[in-house]
Amino acid sequence: YGGSATATWTFDRRIDRWRRAEAGGPHLLENGRQVTADNVIVLHTQRDLSFADASPSMLIPDLIDASGSLELFTGNRVVEGRWRKAGVNEPFEFSTVDGEPLLLVPGRTWVEIPLADMSVRIR
């Protein structure tokens with residue numbers, strides 16, 4: 001997340017995974033391979049204003065005792081849903097818009113956390 005941060009996820013049918021690009025080019029690991037994921041979760045959050053020493057330019061997402069909307073990129077599809085997180089030591093809960101548990105496919109999961117007022121485009 002961040003004001004000028006951009007990320008693009010593109011589904012690659014050959015490997016059945018999502019590939020990540022950033023700032024117009026592939027997001028590469030130290031070994032030269034592109035970052036991939038089986039699941040990509042986009043959690044929409046509000047700005048956490050509870051940190052007294054935080055400057056106005058600091059973008060701190062509110063993830064504790066909070067909830068919001070989400071998109072799950074899995075397989076070659078995008079599913080809309082909701083997220084919720086209680087206390088610090090509690091797990092995230094993901095559900096469909098109908099309230100059913102939202103299950104991830106086994107494998108690597110990447111989480112993107114834009115603030116609610118940031119633009120997210122799904123193509």
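Computation of the quantities below employed the complete heavy-atom set of this structure, encompassing side-chain atoms and omitting hydrogens, waters and symmetry-equivalent molecules. Here the structure is a predicted model, which means the values were calculated and not measured.
Annotation for Q46: atom CD does not count as buried by contact number, only 12 or fewer foreign heavy atoms lying within 6.0 Å. Heavy atoms from other residues, nucleotides or ligands lying under 6.0 Å from CG of N31 number more than 12.
The main-chain N or O of E93 is never found under 3.5 Å from a side-chain atom of K85 such that the two would form a donor-acceptor pair.
Between D38 and L104 there is no side-chain heavy-atom pair separated by less than 4.5 Å.
By the rule that hydrophobic residues join a cluster once side-chain heavy atoms approach within less than 4.5 Å of another member, V111 and V79 end up as members of one cluster.
Remark: N76 CG to D16 CG distance equals 8.5 Å, nearest 0.5 Å. A distance of 11.0 Å separates CD of E71 from CD1 of I41, quoted to the nearest 0.5 Å. Here H44 contributes atom NE2 and S67 contributes atom OG; the two are 13.0 Å apart, rounded to the nearest 0.5 Å.
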Report the C-alpha separation of D12 and R19 in whole Å, then their side-chain angles, then the decisive distance to 0.1 Å, and conclude whether the salt bridge (charged side-chain N to carboxylate O under 4.0 Å, His left out) test is met. CA-CA 7 Å; D12 186 332; R19 291 187 178 273; 2.7 Å; yes
Could you go through E90 and V88, starting from their C-alpha distance and side-chain angles, then the distance that decides it, and tell me whether this counts as side chain to side chain contact (heavy atoms under 4.5 Å, CB included)? CA-CA 6 Å; E90 298 300 318; V88 171; over 6 Å; no
Quick one: do R82 and S69 satisfy side chain to side chain contact (heavy atoms under 4.5 Å, CB included)? Show the steps, please. CA-CA 4 Å; R82 305 277 308 156; S69 62; 3.9 Å; yes
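Checking V42, L102, T45 one by one against L70, the side chain to side chain contact (heavy atoms under 4.5 Å, CB included) holds for a single residue, L102.
Partners of W83 by ring pair (Phe, Tyr, Trp, His ring centres under 6.0 Å), not counting sequence neighbours, listed by chain and number: F92. Evaluation of the ring pair (Phe, Tyr, Trp, His ring centres under 6.0 Å) rule for W18 yields F11, F73 as partners, not counting sequence neighbours.
Of all non-hydrogen atoms in Q34 and R20, the two that sit nearest each other are NE2-O, 2.9 Å. For A37 against V40, the heavy-atom pair with the smallest separation is CB-CG2, 4.1 Å.
Applying the side chain to side chain donor-acceptor pair (under 3.5 Å) test to pairs two or more places apart or on separate chains, those with a residue in residues 98-111 are T36-R108, N39-T109, W110-E112.
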